[in-house]
Amino acid sequence: MADTETATKDDTAKEDSEDQHTDHSPMASESEREDDAPKQAQKAEVSNLDIVRHYFDKAADHMKLDDDVRVVFWTPYREVTVQIPIKCSDGKIHVFSGYRIQHNGARGPYKGGIRYHPEVDVDEVRALASLMTWKTAVANVPFGGAKGGVNCDPSKLTQAELQKITRSFMDKIEKVLGPTRDIPAPDVNTNAQVMAWMMDEYGKLHGHTPAIVTGKPLSLEGSLGREAATGRGCVYMFREAAPSLGLSPASTKFVVQGFGNVGSWAARIMQQLGAQMVAVSDANGAIKNEDGIDAVALHEHISEGGLISEFKDVEEIDPEDLVAVPCDVFIPAALGGMIREDNADRMQCKVLVEGANSPTTPAADEILREKDTYVIPDVMANAGGVVVSYFEWVQNLQHFQWDERDVNDRLATKMRKAYRDVSGRAKEEGLGLREAAYLVGIERVVDAARTRGYIETPSSSS
Ligand code: NAD
C-alpha cells in the first residue's frame with residue numbers, strides 16, 4: 001500500500017511540520033533509513049531545477065541571449081496540478097498529487113515522459129519539462145518540451161491501485177493533451193502498461209487515439225525498438241565519440257548506475273558490441289566483477305524477481321563506491337543529482353554518458369572538466385527515447401508499422417546528426433559538449449518562437 005497522504009487532518013498537519021524541519025541532506029536521509037531498506041547512493045542537495053537553470057543560463061550568457069527573452073524560458077508555458085484521491089487496499093483514501101507541465105511548444109506539440117516516484121514535486125517536473133524543450137530541439141524532432149509525474153511509490157502499490165491512479169490522472173489532465181497538443185511517454189517507474197491504460201482512458205472520451213501517448217505495448221500500436229531506444233541512443237552516442245577518444249567499443253569496460261529500462265538496455269547493447277560491464281547498481285544495491293557481469297543474464301535475473309546482490313559470481317559493493325570503479329565509460333541511468341561535488345573526484349571513467357536526466361550537478365561537472373572526463377550530456381545522450389517516440393507518433397498518425405531495423409537505422413541517423421551538430425559547434429566555439437548542446441537547442445527554439453510570433457523579433461518590437 002502507498003506510503004502517502006491519507007485524508008486526515010492530523011496527518012496533514014504532521015506532514016507540514018515534518019517538511020519544515022526535515023534535513024534533506026544525504027546524511028540525514030541515511031540515518032532515517034529503515035533498517036531493512038537497501039542502501040542506495042544518495043542524491044545531491046542541489047535540485048534538478050537548479051541544475052537545468054544553471055546550464056541554460058551558462059549557454060544563454062555565452063550566446064548573449066537578451067534578458068527579456070531568457071525570462072520566457074525560465075518559466076513554463078502551462079502548469080497543471082491535480083489531486084488524485086484513491087481508495088487503496090487498506091480501505092483508506094490516499095491523496096496523490098499529479099503534475100503535467102508544458103515548458104515550451106514553439107517547435108511542435110509538447111512531448112515528455114510521466115514519472116511515478118515519491119519525490120516527484122512541481123519543481124522537479126518543471127526542470128524535466130524544460131530539459132525536454134532543449135532535448136527535442138537538439139535531436140531536431142518537431143516537438144516542444146513537457147513532463148509529468150505523480151508522487152506515488154509503485155513498489156508499494158498493487159497493479160490495481162497503479163491502474164486507478166493512472167486512469168484518474170489521465171481523466172484530470174486530458175484537456176491539455178492530444179496528438180497535436182501534448183503526447184506523454186514513459187519515464188522512471190512507468191512503462192508500456194501504464195501507457196496502455198492512459199491511451200485507453202483517453203480513448204473513452206475521444207475514441208481510439210494511439211497517437212496520444214508513445215512507449216505503448218506493441219499490441220496497441222507501439223513502435224518496434226521504442227523500449228530499447230534510450231539505452232540504444234546512449235550507445236550510439238558513445239560509438240560516435242569513441243574513435244576521437246582512442247576507444248573501441250569492443251575493448252571497453254563500462255559501469256551502469258541504475259539497471260532499469262535505460263541502464264539495462266544500454267548495458268545489453270554495449271555488450272553486443274563486445275564491451276564488458278564491470279559494475280552495476282539499482283535501488284536495491286550494487287555489484288562488481290572485474291572479469292565482467294553478463295548484462296543479459298542479469299536482466300533476466302531481475303525480471304524474474306531476483307535481487308541484484310543475489311546475482312552469481314559478483315562482489316557486493318557499497319552503492320556509494322560504484323562511481324570509483326575503474327572503467328572507460330560510466331553510464332548514470334538512475335535519478336538526477338547522483339554525480340555530486342563530493343563524489344565526482346572519485347570517478348575513474350574516461351567518458352560519462354548521461355542516460356539519466358540531470359545526473360551531474362554543476363559543481364561535479366566542473367570537477368569532471370578539470371579531470372578531462374569527456375561528458376556526453378543528457379540533453380543529447382538520452383534523446384534516443386524521444387526520437388523513437390517521434391517515430392512511434394508518426395507511425396500512429398499513419399496507422400502503419402515500420403520494421404525494427406528501419407527504426408534503429410533511423411535512430412542511428414538522428415543520433416549521429418545530433419552528435420555531429422553539437423560536437424562541431426563545441427569545436428568551433430571551444431566549448432564542452434553540454435554548453436554546445438544547450439546553445440544549439442536554445443537557438444533552434446528561439447528561432448521557432450520568433451518565426452511563429454510567439455515572441456517578437458527585435459525589429460518588430462521597435
Ligand atoms: P526505470 O524506472 O526503468 O529505472 C530506474 C533504475 O534506477 C531502476 O533500476 C532503479 O532501481 C534504479 N535506481 C533508483 N534509485 C537508485 C539509486 N539511488 N541508486 C541506484 N539505482 C537507483 O527508469 P528509466 O526509464 O530507465 O529512467 C532512468 C533515467 O533515465 C531517468 O533519469 C529518466 O528520466 C531518464 N530517461 C529515461 C527515458 C526513457 O525513455 N525511459 C528517456 C530519457 C531519459
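Here, residue 1 is the first one in the sequence, and each next residue gets the next number. Counting starts at 1 for both ligands and their atoms, following the listed order.
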Polar-atom distance check: [X] versus ligand 1, any N or O pair below 3.5 Å?
{"X": "Lys135", "answer": "no"}
{"X": "Gly385", "answer": "no"}
{"X": "Gly263", "answer": "no"}

So that I can tick it off, tell me whether [Y] and [X] are bridged by a salt bridge, with the cut-off set at under 4.0 angstrom between side-chain N and carboxylate O.
{"X": "Asp328", "Y": "Lys350", "answer": "yes"}
{"X": "Arg425", "Y": "Asp421", "answer": "no"}
{"X": "Glu320", "Y": "Lys39", "answer": "no"}
{"X": "Lys164", "Y": "Glu161", "answer": "no"}
{"X": "Glu240", "Y": "Arg420", "answer": "yes"}
{"X": "Asp200", "Y": "Arg167", "answer": "yes"}
{"X": "Lys135", "Y": "Asp378", "answer": "no"}
{"X": "Arg100", "Y": "Glu79", "answer": "no"}
{"X": "Arg53", "Y": "Asp50", "answer": "no"}

Among [options], whose heavy atom sits nearest [atom]?
{"atom": "atom 30 (O) of ligand 1", "options": "Gly355, Ala185, Gly258, Ala228", "result": "Gly355"}
{"atom": "atom 29 (C) of ligand 1", "options": "Ala334, Gly233, Gly260, Gly384", "result": "Ala334"}
{"atom": "atom 27 (O) of ligand 1", "options": "Ile308, Val256, Asp282, Val188", "result": "Val188"}
{"atom": "atom 44 (C) of ligand 1", "options": "Asn261, Val280, Asn382", "result": "Asn382"}

Checking a contact table here: which protein heavy atom is nearest [atom], and how many Å away?
{"atom": "atom 10 (C) of ligand 1", "answer": "Ala283 N, 3.9 Å"}
{"atom": "atom 33 (C) of ligand 1", "answer": "Asp187 OD1, 3.3 Å"}
{"atom": "atom 28 (C) of ligand 1", "answer": "Ala333 O, 3.3 Å"}
{"atom": "atom 24 (P) of ligand 1", "answer": "Val262 CG2, 3.9 Å"}

Say whether Ala41 and ligand 1 are in contact under the criterion: heavy-atom distance to a ligand atom below 4.0 Å.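 So Ala41 counts as touching ligand 1.
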Please confirm whether the backbone N or O of Leu49 pairs with a side-chain atom of Arg126, one donor and one acceptor, at under 3.5 Å?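 It does not hold such a pair.
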Heavy-atom distances under 4.0 Å decide this one: backbone, side chain, both or neither, for [X] against ligand 1?
{"X": "Pro359", "result": "neither"}
{"X": "Thr230", "result": "side chain"}
{"X": "Arg226", "result": "side chain"}

For [X], take its heavy atoms, then give the atoms of ligand 1 lying under 4.0 Å from any of them.
{"X": "Ser281", "answer": "20 (C)"}
{"X": "Met338", "answer": "17 (C), 18 (N), 19 (N)"}
{"X": "Asn189", "answer": "2 (O)"}

Is the Phe56 ring parallel, tilted or perpendicular to the Trp134 ring (thresholds 30°, 60°)?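 Rings of Phe56 and Trp134: parallel, under 30°.
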